[in-house]
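Data first, discussion second: the structure below is written as structure tokens.
The chains referred to below are lettered A, B, ... by the order of the sequence lines, with proteins before strands, and numbering in each begins at 1. Atoms considered below: every heavy atom in the structure, side chains included; atoms not considered: hydrogens, waters and symmetry mates. It should be emphasised that the depicted structure is a prediction, and the values quoted were computed from it without experimental measurement.
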2 protein chains.
Amino acid sequence: MKDFENHDSAPNKDLCDGFCPSNGNVEKLKEKVLEVAGLSEIFKVLGDETRTKILYLLSEQRLCVCDIAVILDMSLPAVSHHLRLLKAFRLVKYAREGKMVYYTLDDDHIINLIREAQDHFAEGR
Amino acid sequence: MKDFENHDSAPNKDLCDGFCPSNGNVEKLKEKVLEVAGLSEIFKVLGDETRTKILYLLSEQRLCVCDIAVILDMSLPAVSHHLRLLKAFRLVKYAREGKMVYYTLDDDHIINLIREAQDHFAEGR
DNA sequence: ATAACAATTAAACGATTGCTTAATTAATAA
DNA sequence: TTATTAATTAAGCAATCGTTTAATTGTTAT
């Protein structure tokens with residue numbers, strides 16, 4: 001018999017032994033935590049140095065794949081791989097021009113996240 | 001003879017073949033990209049769903065380890081492991097009270113990053 | 001002292017990540 | 001057409017990550 005919807009999750013029933021003062025808030029906090037569910041997906045994207053750099057570069061100007069490869073001193077397939085992921089997240093878009101494929105930012109909000117992270121370091125962390 | 005400071009990085013010398021229009025900006029962009037160096041470290045921390053949730057919970061109220069384990073339905077060692085990492089990044093601090101160890105936020109800026117990410121989704125992404 | 005509980009630590013394991021190399025597609029030039 | 005260059009894709013591999021289990025530390029109660 002499954003009891004997934006129970007108030008206390010079965011596997012952790014013995015934890016804390018009911019003495020923790022925050023026990024009364026557990027249900028409330030379980031709901032609260034849903035507000036950030038899925039949020040880490042964007043952070044995962046930015047959690048790679050190369051991808052953060054690519055997005056930052058593209059916020060300056062459009063660039064073709066080999067430009068990025070030269071600037072970041074990486075192989076073409078490596079860069080292309082990251083661009084593919086950024087594309088999947090709708091953070092960049094591309095336009096083919098002859099042999100070259102030019103990438104541009106497709107999200108004007110992502111740069112705010114990067115700036116916010118810069119502020120974080122600026123505040124002495 | 002090392003040529004690290006050369007205009008064209010040696011391993012990618014043949015890339016782009018010098019035809020890309022942005023070639024003149026390569027040096028400028030190489031400097032530009034330094035502005036976001038190291039930034040992905042914080043994003044990596046937030047790139048784990050559990051850690052984002054822990055930080056979000058602690059922005060509400062202080063919690064002991066087993067509280068967090070119950071709320072997130074995780075094992076104590078798993079939670080403890082994440083708290084250790086958050087501590088290493090000075091994002092949380094702890095205070096022992098009897099058997100329990102209470103964790104609190106030690107960084108009032110990190111929540112801004114989380115809110116900014118919420119905005120990102122709110123804007124229809 | 002012994003027992004019980006909160007928390008941490010360590011070792012081990014499976015899953016994921018990001019790179020490399022090699023092959024392939026797409027577009028232009030000879 | 002063939003050759004060349006830009007870019008993508010696929011396969012393989014090493015490194016990293018997050019979890020589990022088990023052992024250990026620290027504190028309180030009996």
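A salt bridge links A:R62 to A:E97: one of the charged nitrogens lies within less than 4.0 Å of a carboxylate oxygen. The pair A:E31-A:K28 does not meet the salt-bridge criterion, since no charged nitrogen lies less than 4.0 angstrom from a carboxylate oxygen.
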Identify each atom pair where a protein N or O and an N or O of nucleotides 18-23 of chain C are less than 3.5 Å apart, giving names and distance.
from, atom 1, to, atom 2, distance (Å)
C:dG18, OP1, A:D48, OD2, 3.2
C:dG18, OP1, A:R51, NH2, 3.1
C:dG18, OP2, A:R51, NH1, 3.3
C:dC19, OP2, A:H82, NE2, 2.4
C:dT20, OP2, A:S75, OG, 2.9

Which atom pairs link the protein and nucleotides 28-30 of chain C when you take only N or O atoms and keep those under 3.5 Å?
none

Just the atom pairs and distances: protein N or O near nucleotides 11-13 of chain D's N or O, under 3.5 Å.
none

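D:dT5 atom P lies 13 Å from atom CG of A:L76, rounded to whole Å. The nearest whole Å value for the distance from the CG atom in A:L63 to the P atom in D:dA6 is 15 Å. As a whole-Å value, the separation of A:Y94 OH from C:dA26 P is 11 Å. Rounded to an integer number of Å, the gap from OH of A:Y102 to P of D:dA6 is 11 Å. Look at CG on A:D67: it is 14 Å from C1' on D:dT5, rounded to the nearest Å. For the pair B:R96 CZ and D:dG26 C1', the computed distance is 5 Å after rounding to whole Å. B:L86 places its CG atom 15 Å from the C1' atom of C:dT8, with the value rounded to the nearest Å. Rounded to an integer number of Å, the gap from B:L83 CG to D:dG18 P is 13 Å.
Ring planes of B:Y103 and B:Y94: tilted class, angle from 30 to 60°.
Under the 3.5 Å distance criterion, the side-chain polar atoms of B:D107 are matched with a main-chain donor or acceptor of B:I110. Side-chain atoms of B:Q118 come within 3.5 Å of backbone N or O of A:E35 as a donor-acceptor pair. Under the 3.5 Å distance criterion, the side-chain polar atoms of A:E49 are matched with a main-chain donor or acceptor of B:G38. Between the side chain of B:R84 and the main chain of B:L86, no donor-acceptor pair closer than 3.5 Å is present. Checking side-chain atoms of A:S59 against main-chain N and O of A:Y56 turns up a donor-acceptor pair under 3.5 Å. With A:R51 contributing its side chain and A:K53 its backbone, the two residues share no donor-acceptor pair below 3.5 Å.
Residues A:F89 and A:I42 fail the side-chain proximity criterion, which asks for heavy atoms closer than 4.5 Å.
The structure places CG of A:L46 at 11.5 Å from OG of A:S40, a figure rounded to the nearest 0.5 Å.
Side-chain nitrogen and oxygen atoms of B:Y103 include none within less than 4.0 Å of the OP1 or OP2 phosphate oxygen of C:dA6.
The A:R84 side chain lies nearest to D:dA10 when the options are D:dT8, C:dA7, D:dA10.
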